[in-house]
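The block underneath contains the structure these notes are about, expressed in structure tokens.
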Amino acid sequence: MKRVIIGLSGGVDSSVAAYLLQQQGYEVIGLFMKNWHDDSVTISNECPWLDDSNDAMLVAEKLGIPFQTVDLSEQYKERIVDYMFNEYEKGRTPNPDVLCNREIKFDVFMKIALELGADYVATGHYCRKGTIEKDGNEIYQLLAGVDDNKDQSYFLCQLSQEQLAKSLFPIGELTKPEVREIAMELDLVTAEKKDSQGLCFIGKVKLPDFLQQQLKPKEGIIVEIPSNQGVFNQETPQFDSEEEKLKYLSRKIDYKVDLGKVVGKHQGAHYFTKGQRKGLAVGGTVEPLFVIDTDVKENVIYTGQGKNHPGLYKKVLFITNEELHWVRPDLALEANETMQVMARIRYRQSLEEAILHKVESGLYIEFKNFQSAITEGQFAAWYLDDELVGSGVIS
């Protein structure tokens, strides 16, 4: 009998996943990951991880599976929290959920599971795993979940073949309403529990509040750049090569304070991210202001009016070789090769047509349509049909 260790989070998805594995004849063991316990950070007086671990334990009891808690908070702090602060200080916007899967669930947690004699690790993600034969080798595919509305393949975009080989995603063939229905029938305590929002470690705390406790506030100015500013209407130069053109189109516009007017003050450029509208607290504009860039060195936030402001839009982004990852290494491009794909630059975005261009120094993604708020530090992921084949950090 194959042994599966499932990460029970205290939510409905992993609860139902555990039940389905049982039905499929696996020996199932539930493990709750405790990722966070720095009391100075819990602003809310609720301590969500206690409720969650309790719910996970009740589910395990109900299903009659062994259960234990593992404390990964040290690795979590090192690999996720410290990394995030580092990124924010550089003015980039990291994605904690993607990192949590790559570094914690499918690495630290997976190693613990394998030491406990597991054949597989399972999670309650809405995605599927495929297996194909190629040149006599088994190759694993990361496929989108059947529920379009809940597909979470994006969050697993950094997984490797080795990690996929040992992973199971029991609810990938189901929709969220079907999962809830199963939980209701089983009378699981998590059946009607709301989906957890936000980071996978701070419970109910909002990211800016959390950051504000860690990164020191530093007053700076908010500058509004008019949409008819010359930097947006430059003549496109002639290019000697495709790569030069891509480099030009993916460039970061170098904003200066004298290109616009000062419209307000802020408490630290590192708290803001491109495309952000909330929290600027500047009134009196015809259309709402959006962040079009932040300069953490000079501590200036550049903004523009309205969601159609040209400062928000680009068609091309770049990923360095160091931050380029192929879930399917057999499909990796060589320099000067291209590939037609569907791609997204954030979780909730619909897939967009794009072309990958591999160059010596990395990879360009050229979208067919302009994309709003391409944000450094976030992950871009690309698909062939419903298979996620690669991803990378936007640089």
Side-chain angles (χ1 to χ4, degrees), residues 7 9-11 13-14 32-38 40-44 47-49 52 70-110 123-127 142 150-160 163 194-215 268 270-276 278-279 291 294 296 319 323 325 344-349 373-381 388 391-395:
S9 65
D13 299 332
S14 60
F32 177 82
M33 283 175 266
K34 183 178 167 194
N35 288 337
W36 191 251
H37 58 49
D38 175 354
S40 67
V41 180
T42 340
I43 292 174
S44 56
C47 188
W49 76 263
D52 288 342
V70 287
D71 188 343
L72 306 180
S73 42
E74 217 166 288
Q75 294 97 317
Y76 201 96
K77 183 180 177 324
E78 230 164 78
R79 294 194 185 200
I80 309 290
V81 182
D82 294 351
Y83 172 86
M84 281 179 61
F85 284 127
N86 198 3
E87 289 283 277
Y88 276 109
E89 282 174 343
K90 286 193 221 151
R92 302 203 330 170
T93 308
N95 185 313
D97 298 298
V98 173
L99 291 167
C100 185
N101 287 317
R102 180 182 80 191
E103 301 287 334
I104 303 292
K105 289 182 192 158
F106 294 89
D107 188 20
V108 178
F109 182 74
M110 188 173 261
T123 61
H125 282 102
Y126 287 86
C127 63
L142 174 58
K150 280 297 288 182
D151 164 40
Q152 290 174 315
S153 55
Y154 174 83
F155 289 135
L156 304 179
C157 68
Q158 289 276 296
L159 295 194
S160 66
Q163 289 169 315
K194 271 215 176 84
D195 288 357
S196 65
Q197 284 303 317
L199 297 192
C200 58
F201 66 101
I202 317 178
K204 315 241 178 353
V205 177
K206 294 275 181 288
L207 184 63
D209 303 344
F210 173 65
L211 283 172
Q212 254 146 357
Q213 296 191 325
Q214 311 285 321
L215 297 168
H270 43 265
Y271 299 135
F272 290 83
T273 179
K274 226 185 242 171
Q276 182 172 334
K278 295 195 171 59
V291 176
T294 58
V296 287
I319 293 165
E323 298 194 294
H325 172 73
R344 56 167 55 109
I345 52 172
R346 58 181 70 90
Y347 167 50
R348 271 295 185 201
Q349 185 194 32
I374 293 179
T375 306
E376 294 95 50
Q378 292 276 322
F379 289 88
L388 193 162
S391 69
V393 181
I394 300 169
S395 74

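- Closest of all the heavy-atom pairs between Ser153 and Leu388 is O-CD1, 3.4 Å.
- Nearest heavy atom pair, residue Pro96 against residue Met84, reads CB-SD, 3.6 Å.
- The distance from the CG atom of Asn101 to the CG atom of Leu156 is 5.0 Å, given to the nearest 0.5 Å.
- Listed here is the closest heavy atom pair of Thr93 and Gln378: O-NE2, 3.2 Å.
- Here CZ of Phe155 is found 4.5 Å from CG of Asp97. Values are rounded to the nearest 0.5 Å.
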- Please lay out, stage by stage, how Asp107 and Arg79 fare under the test side-chain contact (heavy atoms from CB on, under 4.5 Å). CA-CA 11 Å; Asp107 188 20; Arg79 294 194 185 200; 2.6 Å; yes

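- Of all non-hydrogen atoms in Tyr154 and Arg346, the two that sit nearest each other are OH-CA, 3.7 Å.
- Atom CZ of residue Arg92 and atom CD1 of residue Ile394 lie 9.5 Å apart, to the nearest 0.5 angstrom.
- Screening Arg102, Met110, Glu103 for a side-chain contact (heavy atoms from CB on, under 4.5 Å) with Phe106, the sole residue that qualifies is Met110.
- Shortest non-hydrogen contact noted between Gly124 and Gln152 is O-OE1, 4.0 Å.
- Without hydrogens or angle criteria, Gln163 side chain to Ser160 main chain gives a donor-acceptor distance under 3.5 Å.
- Shown here for Asn95 and Phe379, the closest heavy-atom pair between the two residues is CB-CD1, 3.9 Å.
- Scored by the side-chain contact (heavy atoms from CB on, under 4.5 Å) test, Ser391 finds Cys157, Gln158, His325, Ala381 as partners (sequence neighbours excluded).
- Rounding to the nearest 0.5 Å gives a distance of 4.0 Å between CD of Glu376 and NZ of Lys274.
- In this structure, the side chain of Ser73 does not engage the main chain of Asp71 through any donor-acceptor pair within 3.5 Å.
- In this structure, Glu87 and Lys90 have side chains that are in contact, with non-hydrogen atoms separated by less than 4.5 Å.
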- Message: Evaluate Lys150 against Asp13 for salt bridge (charged side-chain N to carboxylate O under 4.0 Å, His left out), listing each step before the verdict.
- Response: CA-CA 11 Å; Lys150 280 297 288 182; Asp13 299 332; 5.2 Å; no

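- To the nearest 0.5 Å, the span separating CZ on Phe272 from OH on Tyr88 amounts to 12.5 Å.
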- Message: Pair Asp82, Lys77 - check salt bridge (charged side-chain N to carboxylate O under 4.0 Å, His left out), show working.
- Response: CA-CA 6 Å; Asp82 294 351; Lys77 183 180 177 324; 2.8 Å; yes

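- Residues satisfying the side-chain contact (heavy atoms from CB on, under 4.5 Å) criterion with Val70, sequence neighbours excluded, are Leu31, Met33, Gln68, Leu72, Phe109, Ile112.
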